Number of protein chains: 2
Amino acid sequence: MPQTNLRSATRYGTRPTMKDVAARAGVGLKTVSRVVNGEPGVTPETERRVQEAIDALGFRRNDSARVLRKGRTASIGLVLEDLADPFYGPLSRSVEEVARAHGALLINGSSAEDPDREQELVLALCARRVDGLVVIPAGDDHRYLEPELKAGVATVFVDRPAGHIDADVVLSDNFGGARDGVAHLIAHGHRRIGFVGDMPRIHTAAERLRGYRAAMEDAGIPVADSWMSLGVTDPERVRRAAEEMLSGPDPVTAIFAGNNRVTVTVIRVLAEQTRRVALVGFDDIELADLLQPGVTVVAQDAAAIGRTAAERLFRQLDGTLVTPERIELPTRLITRGSGELPPAD
Amino acid sequence: MPQTNLRSATRYGTRPTMKDVAARAGVGLKTVSRVVNGEPGVTPETERRVQEAIDALGFRRNDSARVLRKGRTASIGLVLEDLADPFYGPLSRSVEEVARAHGALLINGSSAEDPDREQELVLALCARRVDGLVVIPAGDDHRYLEPELKAGVATVFVDRPAGHIDADVVLSDNFGGARDGVAHLIAHGHRRIGFVGDMPRIHTAAERLRGYRAAMEDAGIPVADSWMSLGVTDPERVRRAAEEMLSGPDPVTAIFAGNNRVTVTVIRVLAEQTRRVALVGFDDIELADLLQPGVTVVAQDAAAIGRTAAERLFRQLDGTLVTPERIELPTRLITRGSGELPPAD
DNA sequence: CCCGAGCCTGACAACGTTGTCCAGGCTCTA
DNA sequence: TAGAGCCTGGACAACGTTGTCAGGCTCGGG
């Protein structure tokens with residue numbers, strides 16, 4: 001491990017500034033700035049001296065000061081619900097990819113589905129003066145963002161629309177996807193189909209429920225209340241709900257699972273059943289093809305959603321984009337077996 | 001959607017400053033600062049006037065200026081390899097949780113396993129003057145970080161040690177975990193055991209390979225070259241490698257998979273075999289318990305790793321911690337069936 | 001030899017905030 | 001009633017950078 005000669009120049013905990021570099025190189029402050037930013041108008045010889053001083057001191061430009069001066073931070077904020085949810089991995093990644101292509105850093109945090117925490121986080125990001133925000137909303141009132149929008153913070157909502165403000169939204173066709181998934185079960189002969197989903201106050205959950213109802217209605221099948229479980233989210237309660245609709249007086253022969261977490265739990269429950277019950281889940285899950293039977297799902301393209309949102313964000317920043325829009329991306333039904341099982345009464 | 005009265009005070013794209021607020025409230029600049037920061041020494045009446053002006057203008061403190069003045073940013077950087085890898089979800093989440101508990105924001109980016117990109121990202125974060133860094137290294141030379149360390153940027157490496165600098169590291173006991181996993185296969189009667197892993201220049205891969213060799217040696221089993229596949233990472237080549245060691249002249253009866261991506265591909269290959277081949281994978285995978293047979297794995301506790309790393313980071317910042325340390329967290333063997341299959345020649 | 005053009009370079013202000021310090025007004029006591 | 005002390009509020013500098021602008025230098029042409 002080589003020794004560097006930093007000790008002499010910098011006290012521990014103190015960073016050298018352009019002024020220090022200038023002093024060491026025997027040039028003016030502005031000249032250092034020019035070298036650091038690759039601006040023209042500096043003799044090679046001068047540049048060399050400055051570069052030497054920079055290396056010797058371990059100088060690193062202070063972007064806080066730069067931001068303060070320039071106004072733009074070249075960073076965007078991403079607020080999601082839960083970093084651990086596999087749906088957000090690809091989404092986050094694709095947002096970062098686009099940000100990177102535009103030379104911006106990504107600052108992110110998760111709201112843990114808590115509206116207060118979402119607001120806190122968003123405002124903290126605004127205080128950092130991020131140039132833009134990609135928000136997966138937890139709350140349903142975003143009027144607190146009005147001053148930010150007015151001030152020109154580009155904003156795109158993802159997965160769910162913003163509440164009470166007019167902003168860009170990029171989401172999946174939750175209604176259509178759910179309708180297609182349920183119709184798929186119907187096409188395979190099912191009539192008693194259960195729905196296990198989240199609270200309908202969550203937009204995606206409501207839309208998927210609406211899709212379920214629409215498919216049933218299109219097929220002229222009346223829906224029994226006992227077939228629907230709403231607002232259930234923790235595994236234990238999902239399990240109980242699924243078991244109930246499988247063993248009730250009017251047992252279902254198929255289940256439509258409203259999101260990936262529900263799907264996983266339902267798979268577990270079905271694995272314990274002697275009867276073969278069909279299943280279609282909303283959201284793809286890893287290894288779904290390796291299970292017996294493979295799990296048929298309505299897949300969202302998380303990466304495409306993230307990419308679309310981020311690209312819109314930067315187009316807002318370019319000024320290319322003005323009027324907020326709602327973009328719905330299609331879902332894709334992936335048949336793997338579980339959704340094609342015939343009804344077993 | 002209610003109309004706010006912002007237009008009058010702020011031009012589009014311009015944010016009000018404390019000066020504006022002060023003017024509107026008819027008080028001095030510093031008084032506004034005091035109110036915003038909840039400092040004492042302001043009459044309730046004055047505070048009310050200021051607060052009113054803040055709300056009316058939609059003022060939001062500019063943290064860049066604040067950081068410039070105060071020196072600390074209350075943000076930490078997280079550099080990981082690939083946001084989409086399920087291993088990093090919980091890790092990232094636990095780091096964020098700790099950061100949040102300390103009132104810090106998390107800025108992150110992924111290196112895509114490219115050393116240059118890692119350096120670029122790390123230095124960008126340093127330019128932002130993050131207080132600390134959690135880095136999952138892609139490269140193996142981190143001397144470029146020396147000035148930062150000298151300047152007091154708290155730094156913790158995760159998953160792999162830093163190269164050529166003395167810094168905190170938090171990682172799994174890759175060697176011990178792999179050794180235990182392979183010993184588990186041996187205990188179930190296997191002698192011809194294959195190893196499919198990443199390039200040994202990657203620390204984790206090298207350690208796991210070492211664990212494999214150690215377990216084999218402990219059992220007095222000589223290892224045939226054809227049983228080992230190193231540096232193979234894309235699914236297609238993993239598939240071919242696995243197929244070869246299963247069909248060669250000296251076919252293996254069990255495979256130890258060096259990481260989660262390899263495990264998934266190997267599962268696919270094994271599912272196509274008529275012969276039952278045992279499998280133990282390093283890293284847990286979701287739904288592993290639902291497969292037939294369940295997949296036995298050596299599990300890392302990603303959340304614990306992240307938490308430990310982040311906590312050390314903040315202890316560095318407190319000054320509680322001075323000397324860099326290497327912390328190895330134990331892995332856990334989770335038996336689910338695939339690792340307990342007897343050899344089938 | 002002189003003058004103007006062009007190129008380098010550096011002094012200075014400004015970005016928005018916070019820390020320091022001082023002034024003015026008030027209350028309370030002797 | 002006067003003086004001491006406290007409380008509130010504001011002026012000012014500083015954080016580290018970048019934009020503006022002007023000055024000094026060199027070099028070529030007249």
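Here the structure is a predicted model, which means the values were calculated and not measured. Lettering of chains follows the sequences in order, A, B, ..., and the numbering in each one begins at 1.
Residue A:T17 has its side chain nearest to D:dT17 when only C:dT17, C:dC15, D:dT17 are considered. For A:S33, counting side-chain heavy atoms from C-beta on, the closest listed nucleotide (C:dT17, C:dG19, D:dT18) is D:dT18. Here D:dG9 is the nucleotide among C:dC15, D:dT17, D:dG9 with the atom lying nearest to any side-chain atom of B:T43. Distances from the side chain of A:T31 to the nucleotides D:dT17, C:dT9, D:dT18 place C:dT9 closest. When each of D:dG19, C:dG16, D:dT17 is scored by its nearest atom to the side-chain atoms of A:R66, the top-ranked nucleotide is D:dT17.
If you find the closest nucleotide of DNA chain D to B:V27 and to A:K30, the one lying nearer the 5' end belongs to B:V27. Nearer the 5' end of DNA chain D, as judged by each residue's closest nucleotide, is the contact made by B:T46, out of A:V36 and B:T46.
One atom, CE of B:M18, and another, P of C:dC15, lie 15 Å apart when rounded to the nearest Å. A:E47 places its CD atom 10 Å from the P atom of C:dT9, with the value rounded to the nearest Å. Atom CG in A:N37 sits about 17 Å away from atom P in D:dG16, given to the nearest Å. Look at CZ on B:R15: it is 17 Å from P on C:dC15, rounded to the nearest Å. Atoms CG (B:L29) and C1' (C:dG19) sit 12 Å apart, rounded to a whole Å. Rounded to an integer number of Å, the gap from A:R69 CZ to C:dA13 C1' is 8 Å.
We find that A:E52 and A:R24 are not joined by a salt bridge, their nearest charged nitrogen and carboxylate oxygen being 4.0 Å or further apart. B:R129 has no carboxylate O lying under 4.0 Å from a charged side-chain N of A:D63, or vice versa, which leaves the two without a salt bridge.
Interface remark: the B:R34 side chain does form a donor-acceptor pair with the D:dG10 base, using a distance-only criterion of under 3.5 Å.
Considering only side-chain N and O atoms, A:R61 lies under 4.0 angstrom from the phosphate OP1 or OP2 of D:dT18.
Using a 30° and 60° split on the angle between ring planes, A:F314 and A:H102 fall in the parallel class, below 30°.
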Start with the C-alpha gap between A:I107 and A:L78, add the side-chain angles, then the distance that decides, and say whether side-chain contact (heavy atoms from CB on, under 4.5 Å) holds.
CA-CA 6 Å; A:I107 308 187; A:L78 173 62; over 6 Å; no

